[in-house]
Protein chains: 2
Amino acid sequence: MLRLTKRSEYGLMALAFMAQSGQAYTSVREIVAKLRIPRRLLAEVLKDLSRAEIVEAVRGPGGGYRLTSPADQLSLARVVEILEGSVSVAKCADGGRCDLSPSCTIQEGINLVAQRVKSVLDDFTLAQLADCNSHSQQDPQPAHEVAV
Amino acid sequence: MLRLTKRSEYGLMALAFMAQSGQAYTSVREIVAKLRIPRRLLAEVLKDLSRAEIVEAVRGPGGGYRLTSPADQLSLARVVEILEGSVSVAKCADGGRCDLSPSCTIQEGINLVAQRVKSVLDDFTLAQLADCNSHSQQDPQPAHEVAV
DNA sequence: TTGAAAGGGCACCAAAATCATGCTATATTC
DNA sequence: GAATATAGCATGATTTTGGTGCCCTTTCAA
Ligand code: SF4
Ligand code: SF4
């Protein structure tokens with residue numbers, strides 16, 4: 001359904017968290033506690049991200065993960081690509097072969113759509129993602145939240 | 001993986017075919033023959049499209065399906081929505097509830113992305129899809145098409 | 001030296017979404 | 001009535017995702 005997988009969501013949540021937290025290193029434990037997501041799966045995801053050098057890992061007490069580059073230089077496309085292989089809207093739009101391509105009448109068009117969708121993800125940075133949220137869902141100082 | 005399902009692809013292929021063929025009614029048989037896709041699945045898809053009044057069905061000899069409106073007035077989003085429920089990039093971006101939403105730090109951002117992706121599909125019409133293809137894979141009267 | 005903290009690796013199970021198909025019924029035209 | 005074509009229904013196979021357990025290695029600090 002054109003939907004992102006949990007892996008991607010978890011990964012993005014974690015990355016956004018790191019981007020906002022300000023700490024040097026963030027451990028899986030912390031993230032899991034805050035975000036309420038399956039620990040092992042998150043670990044899995046972070047590991048993949050680490051392999052792709054999106055984040056850096058440091059073991060031992062006080063260790064954890066850290067972004068290797070500024071949040072505004074990491075596109076969602078990159079993350080999704082790493083976490084689920086690619087962002088292609090259709091098999092053929094990704095180098096993948098589709099048995100139907102010879103008879104497929106919409107290949108060209110779909111490819112164009114795929115390209116556009118991709119560019120949406122390409123243009124969206126982690127910084128934006130994290131930012132976007134802090135606007136409406138401030139955690140610190142709930143203060144005197146007046147209902148709208 | 002942000003990918004369209006076969007149902008959508010089959011549906012779009014069929015619709016594009018109808019849009020181009022020029023005939024009054026197009027039967028499942030014909031489409032299956034040309035497009036090399038599973039007959040029953042296509043029938044299923046067309047039926048759904050028929051229920052949604054994207055196409056009109058006429059039974060009996062010479063019958064088949066026909067678009068109910070001009071191809072340039074039918075967006076991919078509409079078709080995909082009918083064929084796979086919705087186009088949401090994330091559960092929450094669609095009225096669906098996600099158990100994580102309370103702790104989710106990227107909901108806002110993802111929603112924005114979802115919106116953009118949706119608009120890509122919204123802005124892409126069946127006419128464009130069909131057209132896109134005919135440029136490079138002309139079947140009928142190749143005539144003296146002058147490249148733009 | 002030793003123990004706790006944290007990530008790394010591996011293999012496997014469970015659930016859900018997708019894909020695909022068979023068969024029969026109903027409508028329509030000739 | 002015969003042939004054509006869609007409508008309806010249920011079910012099985014496959015693929016993709018989601019989720020988890022167990023144990024090892026590295027690192028820091030008491
Ligand atoms: S667009 Fe056509 S060729 Fe490309 S994946 Fe879909 S069916 Fe296959
Ligand atoms: S963005 Fe957050 S709330 Fe929305 S579906 Fe994904 S995890 Fe759930």
Between A/Leu42 (CG) and D/dT20 (C1'), how many Å, whole number?
14 Å
Which part of the nucleic acid, if any, lies within contact of A/Arg39, taking any heavy atom under 4.0 Å across all strands shown: a base, the sugar-phosphate backbone alone, or nothing?
nothing
Are any non-hydrogen side-chain atoms of A/Ser88 and B/Met1 less than 4.5 angstrom apart?
no
Verdict with supporting geometry, B/Phe124 and A/Leu112, side-chain contact (heavy atoms from CB on, under 4.5 Å):
CA-CA 10 Å; B/Phe124 215 95; A/Leu112 218 173; 4.2 Å; yes
NZ/B/Lys6 to CG/A/Leu100 distance, rounded to the nearest 0.5 angstrom?
5.0 Å
Is the phosphate of D/dT6, meaning OP1 or OP2, less than 4.0 Å from a side-chain N or O of B/Ser50?
no
Step-by-step side-chain contact (heavy atoms from CB on, under 4.5 Å) determination, A/Leu46 to A/Tyr10:
CA-CA 9 Å; A/Leu46 263 323; A/Tyr10 292 160; over 6 Å; no
Are A/Leu15 and A/Leu67 close enough that some pair of their side-chain heavy atoms sits under 4.5 Å apart?
yes
Test item: B/Glu84 and A/Arg3 side chains (from C-beta on) under 4.5 Å apart, heavy atoms
no
What's the CD1-C1' distance between A/Ile37 and D/dT17, to the nearest Å?
15 Å
Give a yes or no on whether the backbone of B/Val80 and the side-chain of B/Ser8 come within a donor-acceptor separation of less than 3.5 Å.
no
For the pair made of CE in A/Met1 and P in C/dA16, what is the distance, rounded to whole Å?
14 Å
Using the 3.5 Å cut-off, write out each protein N or O paired with an N or O of nucleotides 9-13 of chain C and the distance between them.
residue	atom	partner	partner atom	Å
C/dG9	OP2	A/Arg51	NH1	3.1
C/dC10	N4	A/Arg40	NH2	2.8

For the side chain of A/Leu41, counting heavy atoms from C-beta on, which of C/dT18, D/dT20, D/dT6 is nearest?
D/dT20
Rounded off to whole Å, could you give me the CZ-to-P distance for the A/Arg29 and C/dA4 pair?
13 Å
Candidates B/Leu121, B/Ile54, B/Leu126, B/Leu83 - the one meeting side chain to side chain contact (heavy atoms under 4.5 Å, CB included) with B/Arg78
B/Ile54
How many Å lie between CD on B/Glu30 and P on D/dA5, as a whole number?
8 Å
Round to a whole Å and report the spacing from NZ of A/Lys6 to P of D/dG19.
7 Å
Check the pair A/Ser69 / A/Glu53 against side-chain contact (heavy atoms from CB on, under 4.5 Å), numbers first and verdict last.
CA-CA 9 Å; A/Ser69 44; A/Glu53 292 179 46; over 6 Å; no
Pull out every residue in residues 58-69 of chain A that has a heavy atom closer than 4.0 Å to any atom of DNA chain D, ordered by number, or say none.
A/Arg59, A/Gly60, A/Pro61
Between P on D/dT16 and CD on B/Glu84, what's the gap in Å once rounded to a whole number?
16 Å
Among C/dA6, C/dT18, D/dG19, the nucleotide that comes nearest once only the side chain of A/Ser27 is considered:
C/dA6
Could you tell me whether A/Tyr10 contacts a base, only the sugar-phosphate backbone, or nothing, with contacts defined as non-hydrogen atoms closer than 4.0 Å?
sugar-phosphate
In whole angstrom, what separates B/Arg7's CZ from D/dT14's C1'?
17 Å
